[in-house]
Amino acid sequence: MEGLLTQLIDRCRPFARSGKVANYIPALEKADPDALGIYILDRNGLHAQGGDSQVPFTIQSIIKPILLLQALMDNGEEFVRSRVGVESTGKPFDAINISNAVDQEILSEHINPMVNMGAIVMCTLIRGGNYQERFNRLLELTRKLANNPDIDVDEEVYASELATGNKNRALAFLMKSCGLLEGDVEEVLSCYFRACSIRVDCRDLARIAFVLSNKGRDFMGNQLFPARYAHYVNAVLMTCGMYDGAGDFAVTVGVPAKSGVGGGIMAVVPGRMGIGIYAPALDKKGNSVAGIRFLRELSKQLELSIF
Ligand code: DON
């Protein structure tokens with residue numbers, strides 16, 4: 001397997017040249033645009049890695065499926081569904097998903113947990129006395145899913161997001177104005193920005209993806225959440241995880257996945273494996289160029305598509 005990974009890394013690395021490292025959050029611009037790393041964990045406990053798999057990066061939007069899981073575990077499916085819909089927006093991750101937002105019910109149907117508006121609402125659904133407590137529960141869940149107690153926040157990226165995240169502020173205030181967001185907007189946003197700034201590597205993502213691929217059970221056999229929630233999260237990842245690139249990704253790769261502007265992609269191959277990728281040069285939709293290319297080739301070689 002590692003031979004195949006090395007071969008695909010060499011073949012896919014040059015594709016990064018057509019992308020660009022995210023710079024709208026200034027601290028992200030320091031990443032090496034040529035980096036490409038991969039880690040795979042399969043159902044037989046076999047793992048394989050290649051390239052820059054040990055380089056740390058921030059999880060960014062890949063926290064969204066974990067936020068969804070936490071919201072489901074704290075509130076149940078029906079309540080979460082009533083606050084954040086499941087339809088694909090077909091729009092960029094930070095889009096204003098309704099131009100004439102007047103009513104909470106209409107707005108919640110137009111967002112999903114994988115776009116920023118939905119993820120910000122999900123921060124309000126985490127149980128806890130204050131936002132420090134809520135965030136800590138999310139961080140603990142992330143550590144548990146990755147079986148890595150050392151996972152923590154990149155404070156530099158957090159400060160950078162907090163200072164420049166005015167589009168997210170606009171989205172949050174819009175939702176507040178129509179009753180979809182409760183509580184203090186800055187507190188909710190600080191939870192969202194901290195969540196995006198959690199530092200991981202490819203192995204962490206592969207392990208988290210593995211639990212989702214294995215109906216909520218980790219590689220040591222512990223049931224971390226109900227199988228039904230893995231079903232829910234994977235279905236939303238399939239249709240919304242790659243934003244306005246989800247359709248193309250379904251056709252060319254064919255597995256539930258989530259990207260982040262830090263350059264990560266987490267891919268879930270149901271019943272088979274979890275995959276973590278890092279390649280920070282992004283396409284115009286905010287998805288990793290070399291990462292998608294790699295997954296396309298890997299899917300062909302290993303027949304990963306669920307279709
Ligand atoms: O909301 C933001 O701007 C970021 N912290 C996360 C966005 C993101 O990763 C989108 N993914 N491709």
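For ligands, and for the atoms within them, numbers begin at 1 and follow the listed sequence. Computed from heavy atoms alone, side chains included, the values below leave out hydrogens, waters and symmetry copies.
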Problem - Mode of Phe193 contact toward ligand 1 - side chain, backbone, both, neither (heavy atoms, under 4.0 Å) - result: neither
Exercise for the section: Would you mind running through ligand 1 and noting each atom that sits below 4.0 Å from a heavy atom of Ser259? Expected result: 11 (N), 12 (N)
Practice task
Spell out, as yes or no, whether a donor-acceptor pair under 3.5 Å connects the side chain of Asn116 to the backbone of Ala119.
Solution key: no
Exercise for the section: Give a yes/no verdict on whether any heavy atom in Asn168 is under 4.0 Å from an atom of ligand 1. Expected result: yes
Exercise for the section: For residues Ile25 and Gln60, determine if any side-chain heavy atom of one lies less than 4.5 Å from a side-chain heavy atom of the other. Expected result: yes
Practice task
Evaluate the side-chain proximity of Met117 to Met175: yes if any heavy-atom separation is below 4.5 Å, no if none is.
Solution key: yes
Practice task
Would you tell me which option among Tyr192, Phe93, Tyr243 has the nearest heavy-atom contact to atom 1 (O) of ligand 1?
Solution key: Tyr192
Handout entry: Asn287, any N or O under 3.5 Å of ligand 1 N or O
Key = no
Exercise for the section: Give a yes or no on whether Gln54 atom CD has more than 12 heavy-atom contacts from other residues, nucleotides or ligands under 6.0 Å away. Expected result: no
Completion exercise
Going by the 4.0 angstrom heavy-atom rule, the piece of Asn116 near ligand 1 is side chain
Exercise for the section: Would you mind listing which atoms of ligand 1 come within a distance below 4.0 Å of any non-hydrogen atom of Glu161? Expected result: 4 (C), 5 (N)
Problem - Donor-acceptor under 3.5 Å (Ser288 side chain, Ala279 main chain) - result: yes
Completion exercise
shortest atom 4 (C) of ligand 1-to-protein heavy-atom contact is with Gln60 OE1, 3.2 Å
Fill in the blank from the handout: The answer for which part of Cys196 has a heavy atom under 4.0 Å from ligand 1 is side chain
Problem - Row check, Phe210 ring normal vs Arg207 NZ/CZ: under 6.0 Å, within 45° - result: no
